[in-house]
Asker: 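Below you'll find the structure I mean.
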Protein chains: 2
Amino acid sequence: MNSISNLVDIYRLTNRKITPQRLAIFNVLDSNTDHPTAEEIYEQVKSQIGNVSLKTVYQTLNELESLNQIQIIDVGTGTSRYDPNVNQLHHHLVCQNCSKVKDIELDISGEMLKAFSQNSGEFKIDRVEVVIRGLCEVCLGKGSSKQSEL
Amino acid sequence: MNSISNLVDIYRLTNRKITPQRLAIFNVLDSNTDHPTAEEIYEQVKSQIGNVSLKTVYQTLNELESLNQIQIIDVGTGTSRYDPNVNQLHHHLVCQNCSKVKDIELDISGEMLKAFSQNSGEFKIDRVEVVIRGLCEVCLGKGSSKQSEL
DNA sequence: AGCTAATTAACAATCATTGTTATAATATAA
DNA sequence: TTATATTATAACAATGATTGTTAATTAGCT
Ligand SMILES: [Mn+2]
Ligand SMILES: [Mn+2]
Ligand SMILES: [Zn+2]
Ligand SMILES: [Zn+2]
């Protein structure tokens with residue numbers, strides 16, 4: 001994602017208005033590495049500026065995606081995650097216990113494409129997404145038996 | 001997935017009843033490589049035995065997953081896909097035009113783990129899922145301009 | 001300050017999936 | 001083969017994430 005002042009420029013140039021809601025959403029996303037859900041962003045924005053609607057959050061997030069400022073990722077946890085990291089190719093670690101999502105840098109193109117071309121007949125690759133599932137550092141530390149505690 | 005007669009045995013051994021609905025669902029899944037949705041399975045079962053409810057289809061599919069007979073995959077198309085291929089490690093190609101899902105065999109563990117251990121601190125890997133997005137053979141043939149036709 | 005297009009909030013709607021429950025069907029033993 | 005216990009089914013309501021609708025509000029410009 002671009003800097004907030006760049007976003008403001010982009011918004012002005014595309015006839016979009018700079019509202020407190022949008023600015024607060026930009027702020028929450030800026031340098032965020034947590035892969036928050038829309039609901040989480042909504043809560044943070046609300047604590048910053050008092051009033052937003054969840055609909056506005058969704059609208060702005062979809063808008064930012066279509067401006068290529070964020071990516072919307074679905075790692076199978078039931079809700080979409082919003083990721084401002086679009087400049088650096090990366091993949092994701094997903095904790096099966098706490099559902100936290102972390103970035104991981106992986107260059108798989110080499111071996112990938114080699115094995116792939118042997119296997120797949122015709123298929124024009126646009127992108128490759130890797131999700132690694134397991135237990136994060138925190139949940140490992142707690143011991144996996146903690147999973148079933150309430 | 002096991003053979004249908006094996007499934008019948010498993011069901012009997014675990015105090016489950018063999019119903020026409022379940023048998024029809026087994027049949028639809030048997031050797032199926034289409035990664036159908038619950039709705040699609042429901043339609044096929046309906047054309048075989050006349051009456052089922054979608055709820056029964058979901059129930060049976062979840063049951064088969066917990067018996068490790070199928071896997072439920074989510075490739076971000078908005079609906080879960082049901083895959084009887086659980087004995088052979090594999091990944092998925094997803095067509096961005098027609099949403100078809102195809103199996104692909106890829107052994108990424110080597111390079112993967114190497115790059116990974118350099119990058120990720122502590123994380124206990126359970127499984128690695130790769131989704132390759134692009135255009136399938138059919139949609140390539142039609143030319144990508146067909147995408148916007150109605 | 002006033003105009004106008006864009007934005008917001010409130011609310012309803014959607015879609016996939018799951019919960020509830022009264023009825024029906026299977027397995028098994030008399 | 002019929003009765004019985006138990007599991008499964010269908011119908012329907014409910015859920016949760018996301019999107020649609022619209023009347024009221026606001027940003028950006030004059
Ligand atoms: Mn990321
Ligand atoms: Mn598959
Ligand atoms: Zn964790
Ligand atoms: Zn296709």
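Residue numbering restarts at 1 for every chain, and letters A, B, ... go by the order of the sequence lines. Heavy atoms only: backbone and side chains are in, while hydrogens, waters and symmetry mates are out. Note that the coordinates shown come from a computational prediction; the quantities given were computed from them, not determined experimentally.
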Asker: Could I get the full list of side-chain contact (heavy atoms from CB on, under 4.5 Å) partners for B:N51, not counting sequence neighbours?
Answerer: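 Partners of B:N51 under the side-chain contact (heavy atoms from CB on, under 4.5 Å) test: none.
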Asker: Of all nucleotides in DNA chain D that come within under 4.0 Å of a heavy atom of chain A, which is furthest toward the 5' end and which toward the 3' end?
Answerer: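 First and last nucleotides in contact are D:dA17 to D:dG28.
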Asker: Identify, residue by residue, the members of residues 41-52 of chain B with a heavy atom below 4.0 Å from DNA chain D, and return them in order of residue number, or none.
Answerer: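 Heavy-atom contacts with DNA chain D come from B:N51, B:V52.
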Asker: Can you work out whether B:T60 or A:A38 has the more 5'-proximal nearest nucleotide on DNA chain D?
Answerer: B:T60
Asker: Output all residues satisfying side-chain hydrogen bond (donor to acceptor under 3.5 Å, both in side chains) with B:N2, sequence neighbours left out; order by chain, then residue number.
Answerer: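 Counting only residues at least two positions away or on another chain, B:N2 forms a side-chain hydrogen bond (donor to acceptor under 3.5 Å, both in side chains) with B:Q69.
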Asker: With A:R81, which residues qualify under salt bridge (charged side-chain N to carboxylate O under 4.0 Å, His left out), at least two apart?
Answerer: none
Asker: Under a 3.5 Å distance rule, please check whether B:T60 uses its side chain to pair with a backbone N or O of B:T56 as donor and acceptor.
Answerer: yes
Asker: Using a distance-only test with no angle check, is there a side-chain donor-acceptor pair under 3.5 angstrom linking A:D126 and B:Q96?
Answerer: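 There is such a pair (donor and acceptor under 3.5 Å, judged by atom type) between the side chains of A:D126 and B:Q96.
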Asker: Please say yes or no: joined through hydrophobic side-chain contacts below 4.5 Å, possibly via intermediate residues, are B:I4 and B:L64 part of one cluster?
Answerer: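 Result: yes, single cluster for both.
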Asker: Determine the contact category for B:E39: base if any of its heavy atoms lies under 4.0 Å from a base atom, sugar-phosphate if only primed atoms, P, OP1 or OP2 are that close, otherwise nothing.
Answerer: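 No contact at all - B:E39 keeps every heavy atom at 4.0 Å or more from the nucleic acid.
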Asker: Which pairs pass ring pair (Phe, Tyr, Trp, His ring centres under 6.0 Å) with one or both residues in residues 19-39 of chain A, sequence neighbours excluded?
Answerer: A:Y11-A:F26, A:H35-A:H92
Asker: Between A:Q21 and B:L54, name the one whose nearest nucleotide on DNA chain C is closer to the 5' end.
Answerer: A:Q21
Asker: Does A:N62 have any side-chain hydrogen bond (donor to acceptor under 3.5 Å, both in side chains) partners at least two apart in sequence or in another chain, and if so, which?
Answerer: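 Counting only residues at least two positions away or on another chain, A:N62 forms no side-chain hydrogen bond (donor to acceptor under 3.5 Å, both in side chains).
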Asker: Does a nitrogen or oxygen in the side chain of B:Y58 sit under 4.0 Å from OP1 or OP2 of C:dT17?
Answerer: yes
Asker: So which heavy atom on B:I25 is nearest to which on B:V57, and how close?
Answerer: CD1-CA, 3.9 Å
Asker: Only counting residues at least two apart or in another chain, list the ones meeting side-chain contact (heavy atoms from CB on, under 4.5 Å) with A:Q44.
Answerer: A:V28
Asker: Is there any salt bridge (charged side-chain N to carboxylate O under 4.0 Å, His left out) pair reaching into residues 55-64 of chain B, and which pairs are they, with sequence neighbours excluded?
Answerer: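 Found B:R16-B:E63, B:R22-B:E63.
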Asker: Return the residues of residues 73-81 of chain A meeting this criterion: a heavy atom under 4.0 Å from some atom of DNA chain D. Order them by number, or give none.
Answerer: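 Residues of residues 73-81 of chain A that come under 4.0 Å of DNA chain D are, in numerical order, A:G78, A:T79, A:S80.
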Asker: Whole angstrom is fine here: how far is it from NZ in A:K55 over to P in C:dT14?
Answerer: 14 Å
Asker: Has B:Q71 got a side-chain atom pairing as donor or acceptor with B:N85's backbone, closer than 3.5 angstrom?
Answerer: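 Checking the backbone N and O of B:N85 against the side chain of B:Q71, a donor-acceptor pair under 3.5 Å is found.
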Asker: What string of B, S and - do you get for nucleotides 24-30 of chain C 5' to 3' if you count protein non-hydrogen atoms under 4.0 Å?
Answerer: -BBS---
Asker: What pairs meet the salt bridge (charged side-chain N to carboxylate O under 4.0 Å, His left out) rule with one or both residues in residues 34-54 of chain A, with sequence neighbours excluded?
Answerer: A:E43-A:K46
Asker: Whole angstrom is fine here: how far is it from OH in B:Y82 over to P in C:dA16?
Answerer: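 It works out to 11 Å between those atoms.
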